[in-house]
Amino acid sequence: MSYSISKTRHTPFSARLGQFLRDYYIYLVLILVVVLLSVANLDRFDLFERGNFLNPKNIVNILRVSAPILTLAGAFTLLMVSGHIDLSVGSAMSLAAVVYASLAINGVPFLMAFGLTVVVGVLLGAINGLLVVKLKITPVIATLITLSLYKGVALLMVQDGVSAIKSGGGLKMPGWFNDYGRSGVLLNLPMAFWVAVLVTIALIVVQNKTLLGKHAAAVGGNPTAARLSGVSSNKIVILLYVVVGVSAALAGIARSSFMSLGDPLSGDGMELTAILVVLLGGTAFSGGEGRVLRSFIGALIIMALTVGMLTLVPAYYQTLVVGTVLLIAAASNHLVSRKGSK
Amino acid sequence: MSVQLKAKMAKGLKMSDEAFITLLVVSAAVFIFLFASLLVPNFFQFQNVVNLVTNNWAVISLGVGVTFLLVSGNFDLSVGGIVALSGVLAVWFAQAPGGANALASGFGMPTWMAMLFALFGALAIGGLNALFVVRFKIPSIIVTLGTMLVARGIAQVITHGSQRNTNLPDNFGFLGNIYLFGTSIKLPVVLMLVLVCVAVVIEKRTIFGRLTFWIGANPVAARLSGIKNARHQTHLYLFSAAIAGMVGILLASEFKSGFSSRGMLMEFDALVIALLGGVAIAGGFGSVVGMFFGALILATVTSAATGLVLSPDWQYILKAIAVFLAIVAQTWALTLKNR
Amino acid sequence: ADEKRIAFFVSDLSNVFHQAQAAEAQRYGKEEYGAEVVIFDGQADSAVMTQNVDQVVAGGFDGATLHIWDAEAAAPGVREALEEGVAMTSFFSPLGDTGIPVARSDEATVSFAMGAEMATAWKTAHPDVPIVMVQLGWPNHTEVNSGRTKPFVEGVLSVAPDAENLGALDASGGQEAAKQIVVDLLTQRPEVNLIYSEASNLTVGTMAGLSQLGRGKFENGEPLTEIVASVDFDSVEFDQVYDPNSSLKVSMGLPPIETARGRVDLVMDVINGKVDMTSDPAQEFFYKAYTISFWTMPEETAEAWLTSQFGG
Amino acid sequence: MTQQQSSALSVEGLTKDYPGVRAVDNVSFTIKQGAIHCLVGENGAGKSTLVKMLTGVLQPTSGSITVAGRRHCPRNPQEARDGGIATLFQELHVVDELTVKENLTLGMEASRFGFLVNSKTDEVAIETLATIEPSIDPEARVASLSVAQKQILEISRAASSGASVIIMDEPTAALSEREVERLFAVIRRLRDANVTVVYISHKLDEIFELGDDVTVFRDGKHIVTKPLDEVDGRQQLIELMIGRTVFQQYEPRDIADAEPILQVEHLKTSLLKDVSFHVNKGEVVGFYGLVGAGKTEIARAIYGADKFSGSVRFNGKEIGPTPHDAIAAGIALVPEERRTQGLFTNLTIRENVPVMNLEKISTTGMLSPSRERQAAEHFVAQLGIATSSIEKHTEKLSGGNQQKVVLAKCLFAEADLLLLDEPTRGVDVGAKTEIYDVIKALANEGKSICVFSTELEEILGICDRIILLYEGMLEEELLNGEDVDIAHILNVVTGGAEHKGQ
Ligand SMILES: Nc1ncnc2c1ncn2[C@@H]1O[C@H](COP(=O)(O)OP(=O)(O)OP(=O)(O)O)[C@@H](O)[C@H]1O
Ligand SMILES: Nc1ncnc2c1ncn2[C@@H]1O[C@H](COP(=O)(O)OP(=O)(O)OP(=O)(O)O)[C@@H](O)[C@H]1O
Ligand SMILES: [Mg+2]
Ligand SMILES: [Mg+2]
C-alpha cells in the first residue's frame, strides 16, 4: 500500500563488467603489452635472459629513459582536466635542460643548479599561464607561441655551430651530472626515476585531496559554473601551468642528466608524447575528466612499446604500432564506457 | 517608417565579428609585410609576394580542409600523415617492378592509376577518421592523432623509414612541374588558389557551408533540427583527406619521390594558420580567407628570416613574437569593437 | 648460439646513404659471418641514439657499431656494455675517451676540395663577379659543421679569399624546406652564387627552388648564375652532375657498401679478438669519402662507383 | 512580518548599457531584510541583468549598490558572496564531471593548507538537498541527473551558502509542483532565519503564494516596489508589468470529426511503459505529468531523437528513425532545453531561423541571403522578438526571447505536427499569450500540436485533449472543458490513480 515505487534497479552483469573495464582498461592494456613483448623472443631466449623484455636490465633501462615523460604525465593530466593544454612542454624541457647543463658545467653545485632550474620551470609555466589567463589567448595558440619562444631561447643559449652544451673547450661536466639520471640508487633505478614517482604520488594527492584538484575538474568541466560559484579559475589555471612548467623542468633535468649534455632540442616532440600518453590514459581532451595515475600507466605503455620493440622489429614500424595502439585503446575505452553508462 | 527602415538597414550592415576578424588578419598580414620590407633588403618586391603564396600552397591547401573541420567543431591532425602516405603510395604503385632492391621496385602501374589509387589510400584514412569520430564518437583529436601516426607509420613501413625515388616512369614528375602562363607559377599553386576560391563560395553561399557552422555551433541542436551531422562530418573528413591526398601526390610528383617524413608537422602548421586566421577552436566561427592570410603572416616572417640569414634560434623567437602580436591585436580589437 | 647479433647504428634511416648502408650491412653480416645484424635508427635525435645504446646490453647483442652524435651521452652506456663483454665500436667520430676502435669517414677533405673546385670554376667563368656563398643544412650540428660547413668555406676561401659567406641556414625540415629557403633567399639575395646543400634530399629541394626562379642552369659546362654542391651522391644526382646544363656540379660520394662492410668487419674483428676491445688512444680505421665532380672525375668512373656502391 | 525590517539591499540610479541596448535604466529601490522580495517583468525587462550586477558578473555602467549599509561593488561572484550575496542563476551552472556533493560545496569548500576538509557547510548542503528531493544520491555524478534534478542541486547550493541575501532567478522553471512546494518550504525557512530572498519568476501564482514584496520592471525601468498585500490580484500585477491586461482561458473548439494524423502504439523506452495514443488533425493535445513522468521521452521518441520500441505512424506511414526523417515527414520539435538543444547561441537570429527548412532558403544547394533575411524579419515581427537587429547573436537575447527564436525555427519548418516541449519555459505572461495565440492559429489552420508541459495552467488554457502521465505510463486521457477536475488531475499525476486502480 505504498505510493512510492522502488527506483533502485538491479545492475546487470554487463553493466558491471563495463564499469570494471572502464576502471581498469589501462592496466589491462599494460599487461597485454608486457605479455606480448615478453613472449615475442621466447624462441630464442628464456623469459628473463639478456635479450628478452623481462630481463631486469631491460626493465631498468626502460624505466630509466622513461623518467622525463613519467615526470610530465601527471601534471599534464591535471592541466588537461582543467580544460587547458600546454604545447610548450617540449621546448620548456629543452630550455630547462640547457639551463641546468650550463649551470652544472660552470661549476654550480647540484642542489643549486637543480633549484635554479626548477625556478626557471616556474617562470616558464607562469608565462604560459599569464598569456592564457591575462591576455586571454587560446591555450593552443598561447603555448604554440611559447613553444617557439622557449625553443629559440634554448638554441640561443648554446653557442653557434655546436649542437649542445657538453664537455669540451676546457669545460668539463661534473661527475654527479650523469649520476642523477643514470646510476641506480634504489632497485637499481636512478634518482630521476624516483623523482618522477614522487611527483606522481604528490599529484595524485593533489588531485584527490586538495582544492586545486577539485577546482581543476570544475574549471575544466564547466568554466562558467566554476566562475559563478566563486572558484577563482584564473589562479587555478596559472597554478596548473606552473605545475606543468616545474614538471617540464624536472623532465629536462632528467633528460640532460641521462644524456650528460644540455641539448636545446632534447625535448622536441615531447608535447605530442605527453598528449599521447594522457589521452591513452583516458583523459578527456575537453576537460573535466582524467586521472594522474592512469596517465602514468599510459606513459609506461608507450615507453615499453617503443623501447621494447626496438630489438624485435625495425624502427620504422614504431610509428604505426604506436598509432594503432592509440586508436584501439581509445576506441575500446570509449565503446566500453558508453555501454556502461547507457 | 522609412527612417526606421534605414536605421534597421544600417544595423544590418554593421560588420559581423567574422568579417571584422578577417579584415584584421588581412591588415596584420599587410602590416607585417611592410614592416619586414623596412628591415630586409629587396623584400619589397612583387616576386616576394608571389613567393609567399607559391611557397605555401601545400599548407594553405591543407588549411582549407582543416578550417572547415575546425568550424564544424572537429580537429584534423591527420593531414600531415596523409601527405606522406599518399605520396609514398603513388610512388610505390608507379615504380616498375623488379628494381635493384626492395625500395626500388613497385607495382608498375601507369602514373594516372598509381595516383588515383594513392588518392584512395588518402580517402581510406579520411574514412577511418569519420568512422571513429562519427560512428564511435571518440574525440576527434585522439582519433586524428592516431590516424596521423598510422598514416605516417604505413608510409614509413613502405619506405623502410626513408624514401622511394628510383625506377619511376618519366611522366610521374609531370603533374607537379607544369609551369603555367609561362611564369614561375606551377600547377599546384593554381589548384590551391582555385580551391581557396571554391571554399570561400561554399563557406559563405551554400547550404553545405552553413551546415558546417550549425554543427560546429551546437551539434545537439543541429541534430534535433534535422541535420545529418554524421553524414556531413563524414563528408568533411573525406574532403580534408582528399585535399591532403592531392597535396601529397603533387609533392611526390614535383620531387619525384615518396618521402615518409614529408609533411612532418604540417598538421600543426595548418592548425596554427587557421587559428591565426581567427578560426575558433571551439567551432562555429572562422573563415577560409582568414586562414589564408594567417598563412601569409607566418610565411612573411619565415621569408624575412631567410633573407636575413638568421640562425634558427632567432627564427623561432621572431615567429613567436609575430604570432603573439597578431593574436593579441585580434583579441584586443574584438573586445574594443564589442564593448 | 653460434650466430652473433650485431647492433648496427645509423644516425638517420631516412637518409639514402644510411638506408643503403643498413641494407648492405644486414646482407653482408649474414653472408660473410652468419651474423644477425639489427639496425638501430637514431631518427636524427640525440636522445634516441643515447637510449639505443642501452639496448645493446639489454637486447643481448654480441657487438655493436655505433653512430652517435654526442659522445658524452653514449659513453656511460658504452662502458656498461664493455663491462658485459660486448664488442663496441664506433663510426664516424671517436667516442670520447672510451677508447673503443673507430671507423672514420673523411668528409672534411672532400668538402674542402668541393669548395675549392667550385670557387675556381666560378672565378674562371666570371672573374668580375664576387663570390657569395651559402650553406643549407644543420647550422648548429657539431658533426655537420666540422665535416661539411667549415671545410667547405675554407675550401672556397683558399681560392677566393675575398669571397663573402652568408652563413648556414636551417633546412632540417627537408626537401620542401630547402626549396622554400632557396626561393626566398635568392629572391632577396640574387647575388648568391655558390650553394652547398648538405644532404641529397635537400639538394632535390634546392634544385627545385632554383628552377622555379629560372636558375639552376649551366650552359655547356659554363656556370651562369650559381654552382651547387651536394652530399650523398646517388643515381638522381648522377644525372645532374654530368648534365652540362645543370648547375649541380659536385657531390660528396659516401660509399655505403664499402662503409657498411668495413663497419661490420671491424666489429667482427673485435669479437674475434683481432682488434683490441679498447686502447689508448683509440684505434682509428679510415673510410674514404669521394669527391664526385663534373670537372675532376670522368663520367664513367662515377658510374662505376655508383654501381659498386649502390649495387646497380 | 512583525520584526522591524531594515534594508538588506538597495540600489541607487543603477544603469547597464549593452551595445545598442540599455538593459537596466536608472533603477533605484530597496529590499527589506528578512523578506521574500519578488522581481517581475516581461522578458528582457532587465531582471537577469540586474541580478548579474548584484553578483559581480557584470559591472554597472553607473549607479551604486548598498548591502547591509555598506557600498557593494563586487568584481566577481566570489566577492559578491564575501559581501553576503549568493545567487541561483537563470541558466543551469553545474559541473557534470563532479559528484552531487562536490557540486554542492563548489567554491565554498573548507580547506586547510589547500587540503579539503569536511565542514558544517557540506552537511547543511546535503541536508537541504535531502529536504527538497531525497531521491538524489550525493555521491552520484551530476551528469546522470535530469535537468530538474540539477536545478534542485543548484537551489540547495544557494540555499545552504549561509549568505544573508539569496537571489533566485526563475528557480522553478524546470520543477514540478511537488518540488516547488518543497522548495517553498525551504525558502520560508530561510526567511525565518532572517535571510533575504530575491525571487524572480514568471509564474505569478508563485509570487502571490510566496512573496512579501514585489518590484516590477518594464523595459529596463523600475515601475514600482510595494508589499504584495497591496497588489490587487493577478490582473493588476500583469497590468503593471506590461501596461495592459491579458486573460487566458480555454475556448472549446470544434474538432469532433477530425481524423487521426499521428498514431502511437505500444511505445516503450527505458522509461516509458507501453504508451499508446493518437493525435487528430487540427487538434491541440496536452501531455501533463511531473518531472520524469516521461513527457520529454514521448516527444523525443516521436521525433526520432531517441531509440524506442513500438510503432509511431504519421499520416499512416512509419517515420524514419532520425529527426531528419521526422522533419521530412512534417513533424517539428521545440526541445526542452533551449540553450543546449535548441539554439545556436554564437550565431545570429538570421542564421538560427532557417535551419529546419533548408529548401525554403536555397536553390540547388546555394543559399539565398534575401529569403533568409526575410524569414528572420518575418518572425521577429510575428513573435515580437525584442532585438535591435536580426544580426544579433542569440547569446545576447534574454531568456524569453531566445525561446521565441527556437519557436521561430520550428514554425519555419512549416510542419503539420508540432511537438512543443515546455514551449513557454521562461517566457513572460505577455509573450506567453502571444505564443498561445500562435498555437491556436496554427491549430485552426489544421495543424496538429502536442504540448508537453509541467504547467497545468498552460495545459488547461490551450489544449483540446489532455493526456496524463505518471512514471512513464499513460494514466488517463480526458477532454478539456469547463468541467475538468483539477484535483483529480493532480491526483492522477502524483500516482493516486494507480493506487486507486488496484
Ligand atoms: N550579453 C548581452 N549583450 C547584449 N545585450 C544583452 C545581453 N544580455 C542581455 N541583453 C539585453 O538586455 C536586456 C535585458 O535582458 P535580461 O536578460 O536582463 O532580461 P530578463 O528580464 O531577465 O528577461 P527574461 O525573463 O526573458 O529572462 C534584453 O534586451 C537583452 O536583449
Ligand atoms: N529519476 C530520474 N533519474 C534520472 N534521470 C531521470 C529521472 N527521471 C527522468 N530522467 C531523465 O530525465 C530526462 C527527462 O525526461 P522525462 O521524459 O522523463 O521527463 P519529463 O516528463 O519531460 O519531465 P521534465 O521534462 O519536466 O523533466 C529523461 O532523459 C530521463 O531519462
Ligand atoms: Mg532573465
Ligand atoms: Mg520534459
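Lettering follows sequence order; numbering is per chain, from 1. In this text, all values refer to a predicted model and were calculated from it rather than measured experimentally.
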Can you say whether D:Ile361 sits under 4.5 Å from chain B via the side chain, the backbone, both, or neither, judging by heavy atoms?
side chain

Side chain, backbone, both or neither: which part of D:Glu372 has a non-hydrogen atom closer than 4.5 Å to chain B?
side chain

To check you understand the geometry: which heavy-atom pair defines the closest contact between D:Lys16 and D:Thr61, and what is its length?
CA-OG1, 3.3 Å

Derivation of the side chain to side chain contact (heavy atoms under 4.5 Å, CB included) call for B:Arg231 and B:His235:
CA-CA 6 Å; B:Arg231 204 175 68 165; B:His235 287 165; 4.0 Å; yes

If I measure from the heavy atoms of chain B, does D:Ile390 come under 4.5 Å with its side chain, its backbone, both, or neither?
neither

If we define contacts as heavy-atom pairs under 4.5 Å, which of D:Ser362, D:Pro335, D:Ala305 has the most with chain B?
D:Ala305

Name the region of D:Arg300, side chain, backbone, both or neither, that has any atom closer than 4.5 Å to a heavy atom of chain B.
side chain

Applying a strict 4.5 Å limit to non-hydrogen atoms, the region of D:Thr322 in contact with chain B is neither

With a 6.0 Å cut-off on ring centres, are B:His232 and B:Phe208 close enough?
yes

Closer than 4.0 angstrom, basic N to acidic O: yes or no for D:Glu336 and D:Lys295?
no

Side chain to side chain contact (heavy atoms under 4.5 Å, CB included) between B:Tyr237 and B:Asn74, worked out
CA-CA 9 Å; B:Tyr237 271 114; B:Asn74 292 282; 3.4 Å; yes

Pairing of D:Asp219 and D:Arg22 as salt bridge, 4.0 angstrom limit:
no

Please state whether the side chain, the backbone, both or neither of D:Glu337 comes within less than 4.5 Å of a heavy atom of chain B.
neither

Structural part of D:Lys392 lying under 4.5 Å from a heavy atom of chain B:
neither

Among D:Gly365, D:Pro354, D:Ser368, residue most engaged with chain B (heavy-atom pairs, under 4.5 Å)
D:Gly365

Less than 4.5 Å to any heavy atom of chain D: does that hold for the side chain of B:Ala282, its backbone, both, or neither?
neither

salt_bridge(D:Glu391, D:Arg350) N-O dist < 4.0 Å:
yes

What part of B:Arg210 is in contact with chain D, defined as an atom under 4.5 angstrom from a non-hydrogen atom: side chain, backbone, both or neither?
side chain

Between the side chain of D:Gln402 and the main-chain N/O of D:Arg338, is any donor-acceptor distance below 3.5 Å?
no

Under a 4.5 Å heavy-atom cut-off, does chain D meet the side chain of B:Leu211, its backbone, both or neither?
side chain

